[in-house]
Amino acid sequence: MNNPESQTMPPALTLYYSPRACSLASHIALEESGLTYRAVSVDIRSGENTQPAYRKISPSGIVPALDAGGAIITESQAILTYVADLAPEIDLIPRPGTRTRARAHEWMNWLSSTLHVRYRSVFRPQAYAGENESAVGAVREHARLKLSDAVSEIEVRLAQQPYALGSTFSVVDAYLFVFYLWSHDERVAAALPQRPHYQAHAARLLERPAVRSVLARERTVRAYDLPPEFPTIILG
Ligand SMILES: N[C@@H](CCC(=O)N[C@@H](CS)C(=O)NCC(=O)O)C(=O)O
């Protein structure tokens with residue numbers, strides 16, 4: 001039988017993303033990979049993700065979603081790993097069976113299940129507290145504290161090495177970069193600790209042509225702020 005996974009050519013790839021959402025990590029990974037892909041914006045701010053057209057692609061309505069030759073893959077960790085594996089020569093993730101590969105999954109899983117959830121609990125506490133006002137306030141306040149702890153943990157880890165996995169860039173760094181942008185959101189910025197190593201990490205990412213061109217593309221769909229400490233950055 002013809003096994004589509006055994007094809008030597010990568011499948012046609014379409015990424016569905018929303019500007020500045022967690023899908024930015026997958027967007028950067030695709031650009032870094034050198035693979036041919038299409039990027040389609042589904043702006044969650046304007047509710048495009050709730051429309052039937054997108055629900056047909058991603059029934060839960062979340063981004064990112066990657067159409068890989070007709071198979072829809074969701075969850076950032078899955079997409080980042082898949083894209084990195086499609087372009088092994090670019091070294092966007094360590095080889096299977098290595099401890100650094102396990103470390104990459106440790107990071108990505110933590111970013112998705114812990115850090116992202118803490119941001120969401122501040123930005124959209126109703127997702128956890130329902131509509132009860134005092135519960136909403138309590139979830140938001142507690143999440144702010146927990147978010148501070150998580151950002152401190154990132155700071156400690158990045159003090160030891162320039163990139164998440166050591167001395168070279170990987171898809172984990174693209175994922176970390178998203179949450180660095182979010183750390184400047186006015187709903188959390190004042191509550192977060194100083195983060196010079198995380199800032200230096202973001203500066204390293206902003207030197208990468210792939211990161212710049214993805215930011216330029218996303219910001220033509222909907223402009224969003226870049227970290228204020230990089231006022232002169234030129235994208236594109
Ligand atoms: N665990 C998922 C989370 C995806 C997610 O929460 N995406 C957000 C954007 S950052 C979204 O699509 N929100 C729209 C909604 O929840 O309706 C992942 O890591 O990819």
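Ligands are counted one by one from 1 in listed order, and the atoms in each one are counted from 1 as well.
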Over 12 non-hydrogen atoms of neighbours within 6.0 angstrom of CZ in R45: no
Out of L66, T74, D67, which residue meets the side chain to side chain contact (heavy atoms under 4.5 Å, CB included) rule with Y16? D67
Y175 and ligand 1 - part of the residue with a heavy-atom distance under 4.0 Å: side chain
Run the side-chain hydrogen bond (donor to acceptor under 3.5 Å, both in side chains) check on E218 and Y224 step by step: do they pass? CA-CA 9 Å; E218 289 203 354; Y224 54 80; 2.8 Å; yes
Numbering as shown, the atoms of ligand 1 that approach P64 to under 4.0 Å (heavy-atom distance): 20 (O)
Within reach of ligand 1, part of M108 (heavy-atom separation under 4.0 Å): neither
If the cut-off is 4.0 Å to any non-hydrogen atom of S76, which atoms of ligand 1 fall inside it? 18 (C), 19 (O), 20 (O)
For ligand 1, indicate whether the residue Q77 contacts it via side chain, backbone, both or neither (heavy-atom separation under 4.0 Å). neither
What atoms of ligand 1 come within less than 4.0 Å of a heavy atom belonging to R120? 3 (C), 6 (O)
Any N/O pair E75/ligand 1 closer than 3.5 Å: yes
Numbered in order shown, the ligand 1 atoms found under 4.0 Å of a heavy atom of C22 are 4 (C), 5 (C), 7 (N), 9 (C), 10 (S)
Which option wins on minimum heavy-atom distance to atom 15 (C) of ligand 1: N49, V42, L111, I44? N49
So, E207 and R212, do they make that salt bridge, N to O below 4.0 Å? no
Please determine, by modelled atom types, if S134 and N132 share a side-chain donor-acceptor pair under 3.5 angstrom. yes
Is the charged tip of R204 near the ring of F169: under 6.0 Å from the six-membered ring centre and within 45° of its axis? no
Could you tell me which atoms of ligand 1, counted from 1 in the order shown, lie closer than 4.0 angstrom to a heavy atom of S112? 1 (N), 19 (O)
For atom 7 (N) of ligand 1, which of the options I62, T74, I79, V63 provides the nearest non-hydrogen atom? V63
Distance alone, cut at 3.5 Å: any donor-acceptor contact between the side chains of H197 and R157? no
Please check if the distance between the ring centroids of H201 and Y180 is under 6.0 Å. no
Just jot down the ligand 1 atoms closer than 4.0 angstrom to any heavy atom of H116, in number order. 3 (C), 5 (C), 6 (O), 10 (S)
Check R101 with D85, please: is the shortest side-chain N to carboxylate O separation under 4.0 Å? yes
Numbered in order shown, the ligand 1 atoms found under 4.0 Å of a heavy atom of R124 are 16 (O)
